[in-house]
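Working notes, beginning with the structure itself.
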Amino acid sequence: MSTKRISLTQYLIEQQRGEAQIPAQLRLLIEVVARACKRIAINVNKGALGDVLGTAGSENVQGEVQKKLDVIANEVLIEANEWGGHLAGMASEEMDDMLAVPNRYPQGEYLLLFDPLDGSSNIDINVSIGTIFSVLKHQGGPVTNESFLQPGTAQVCAGYCVYGPQTTLVLTVGKGVVMFTLDREQGSWVMTEDNIRIPEDTKEFAINMSNMRHWASPVKRYIDECLAGKDGPRGKDFNMRWVAAMVADVHRIMTRGGIFMYPWDKREPNKPGKLRLMYEANPMSFLVEQAGGVATNGLQRIMEIQPTQLHERVSVMLGSRNEVDIVTGYHQEVK
Ligand code: AHG
Ligand code: MN
Ligand code: MN
C-alpha cells in the first residue's frame, strides 16, 4: 500500500462517496462502534489499576460467569450507540434479549450485534482479547429478537477489534477487508492494511486439542493427518496455535493464513458447537470470505444458515481456502 496513511473517517467518507456508496447512517454507526472500541481499549489497558480485572459476580444468559470487562464493554457499546439515531436495536452475548433503542431517541435503520469482549478467559492473564460486531438492516416493524434472525449473507458490515500489543480494528462493508491501527497519541484510527488477503494454503491450525477425544470422526481424521506431518498423507509438517480468543486466532489467520476450528463435539451433543452464530461466527465468516477465505460448519457455508435463536451456537471451521475445503469435504463424505 502507499505510504500515505488515511484515517478511518477518511476511508468511510470515501466509501460513502464511492461507487457502491455506503449510506451516511452506516458510516456514523461504524464511527460510533470504533469510538466505543477505543474506550474499551482504554479500560483494558488500565488492568488492575482500573479495577477492571476479575469476575462481576453475575452470569449471562448462556450460564457463563461474567467478567467485569464483559459487563463494562457491553455498557460502553450500548451507551455509545443508543442515542445516535442510526440504530433500531442492539443484541449482545451479554444480554438475554435484544435492546430496542429507547423511545426518547430517534430510531435508525440498522441492527447491531456484538460480542463485547471475546476471549474473556485471557483478561486476567494479560493476553489478547477483542470485540466482534455485525450489522444488519432492520426489515421494518417493531424491533424484536426475531428482527435479528437474518442469515449472515444479510450483513452489511462486520468487524472486530483486537486489544493486544497493538489495538487494531478490522472491518468489511462488503468490499474487501481493511485494517486500522489505533494511534494513541492522536486518538485516531489509521489505516495500516487496505486489502487483507488470506493465503489459500497454510501449515498452521488452531483447535482446542484437549477436546480431541470428543470430536466427530471428520475432525479427528483431519487433525490426525496434520499431526502426521511430512510422513503422512498431507506430506507437510503443520504447526499449532491456540490463543483461546477467536478474535486473536482469526487475526493471525488474516495476517498470515491458517485454519481455525471450534467444531461440534460429544461433550454436549445437543449443542451444535461452542461459538455463537449471530455475533461470533457470522461476522468472522463475512470478514474471512471478504479476505478470500472460507467459513463452514462442516456441511454448509456459515453465512447461509437461517438462524432460529439469538444466542444460537454453531460449529465453526474457517480460514485458508484449501484447508477448510479439505475438512469440509471430510464432513460431507460421512454425511
Ligand atoms: P467469549 O470469551 O466471548 O465467551 O468467547 C470465548 C470463545 C472464543 O473466543 C474462543 O475461541 C473459545 O471460546 C475458547 O474456548 P476454550 O476455552 O475451549 O479454549
Ligand atoms: Mn466470544
Ligand atoms: Mn464475549
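Read the numbers this way: they start at 1 and go in the same order the structure lists the ligands and their atoms.
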- State whether a side-chain donor-acceptor pair under 3.5 Å links His311 with Asp96. no
- Message: If the condition is side chain to side chain donor-acceptor pair (under 3.5 Å), which residues does Arg321 pass it with, not counting sequence neighbours?
- Response: none
- Using atom types as modelled and distance alone, determine if a side-chain donor or acceptor of Glu312 lies under 3.5 Å from a backbone N or O of Thr308. yes
- Query: Does at least one non-hydrogen atom of Arg276 fall below 4.0 angstrom from an atom of ligand 1?
  - Reply: yes
- Query: Do Arg184 and Thr167 get their side chains close enough for a donor-acceptor pair, meaning under 3.5 Å?
  - Reply: yes
- Query: Any idea which part of Asp115 is under 4.0 Å from ligand 1, heavy-atom wise: side chain, backbone, both or neither?
  - Reply: side chain
- Message: Heavy-atom pairs closer than 4.0 Å: do any link ligand 1 to the side chain of Glu94, the backbone, both, or neither?
- Response: neither
- Item | Member of Gln155, Gln150, Glu280 meeting the side-chain hydrogen bond (donor to acceptor under 3.5 Å, both in side chains) criterion with Ser134 | Gln155
- Query: Is it true that Tyr11 and Phe180 have ring centroids separated by less than 6.0 Å?
  - Reply: yes
- Message: With salt bridge (charged side-chain N to carboxylate O under 4.0 Å, His left out) as the criterion, how do Arg39 and Glu79 come out once you've worked through the C-alpha distance, each side chain's angles and the decisive distance to 0.1 Å?
- Response: CA-CA 11 Å; Arg39 189 160 298 164; Glu79 278 169 23; 5.4 Å; no
- Query: Any sub-3.5 Å donor-acceptor pair from Asn122's side-chain atoms to Val243's backbone N or O?
  - Reply: yes
- Query: Do the side chains of Leu111 and Lys137 get nearer than 4.5 Å, heavy atoms only?
  - Reply: no
- Message: Does either side chain, that of Thr55 or that of Gln66, offer a donor lying less than 3.5 Å from an acceptor on the other one?
- Response: no
- Query: Evaluating non-hydrogen atoms only, which member of Ile132, Asn208, Thr131 is closest to atom 16 (P) of ligand 1?
  - Reply: Asn208
- Message: Looking only at protein heavy atoms, which one is nearest to atom 7 (C) of ligand 1, and what is the separation?
- Response: Leu275 CD2, 3.7 Å
- In the protein, which heavy atom is nearest to atom 17 (O) of ligand 1, and how far is it? Lys274 NZ, 3.4 Å
- For atom 5 (O) of ligand 1, what's the nearest protein heavy atom and its distance? Asp118 OD1, 3.2 Å
- Give the residue, atom name and distance (to 0.1 Å) of the protein heavy atom nearest atom 19 (O) of ligand 1. Trp242 NE1, 2.9 Å
- Ala244-ligand 1 polar pair, N/O distance under 3.5 Å: no
- May I ask you to decide if the ring planes of Trp242 and Tyr262 are parallel, tilted or perpendicular, using 30° and 60° as cut-offs? tilted
- Task: For Glu280, take its heavy atoms, then give the atoms of ligand 1 lying under 4.0 Å from any of them.
- Result: 3 (O), 5 (O)
- Any idea which protein heavy atom is nearest atom 11 (O) of ligand 1, and the distance to it? Met246 N, 3.4 Å
- Listing residue and atom name, which protein N/O/S atoms are closer to the Mn ion (ligand 3) than 2.8 Å? Glu93 OE1, Asp115 OD1, Leu117 O
- Query: Would you say the side-chain atoms of Tyr163 and Thr131 include a donor-acceptor pair closer than 3.5 Å?
  - Reply: yes
- Task: Flag the pair His138 / Tyr110 as yes when their ring centroid distance falls below 6.0 Å, and as no otherwise.
- Result: no
- Ala245, portion touching ligand 1 at heavy-atom distance under 4.0 Å: backbone
- Indicate, as side chain, backbone, both or neither, the part of Leu117 found under 4.0 angstrom from ligand 1 when only non-hydrogen atoms are considered. backbone
- Task: Give the numbers and elements of all ligand 1 atoms closer than 4.0 Å to a heavy atom of Ser120.
- Result: 2 (O)
- Task: Could you walk me through whether Lys271 and Asp265 pass salt bridge (charged side-chain N to carboxylate O under 4.0 Å, His left out), step by step?
- Result: CA-CA 8 Å; Lys271 268 191 197 168; Asp265 67 44; over 6 Å; no
- Message: From the N, O or S atoms in Glu280, identify the one nearest to the Mn ion (ligand 2).
- Response: OE2
- Which protein heavy atom lies closest to atom 18 (O) of ligand 1, and at what distance to 0.1 Å? Tyr262 OH, 2.6 Å
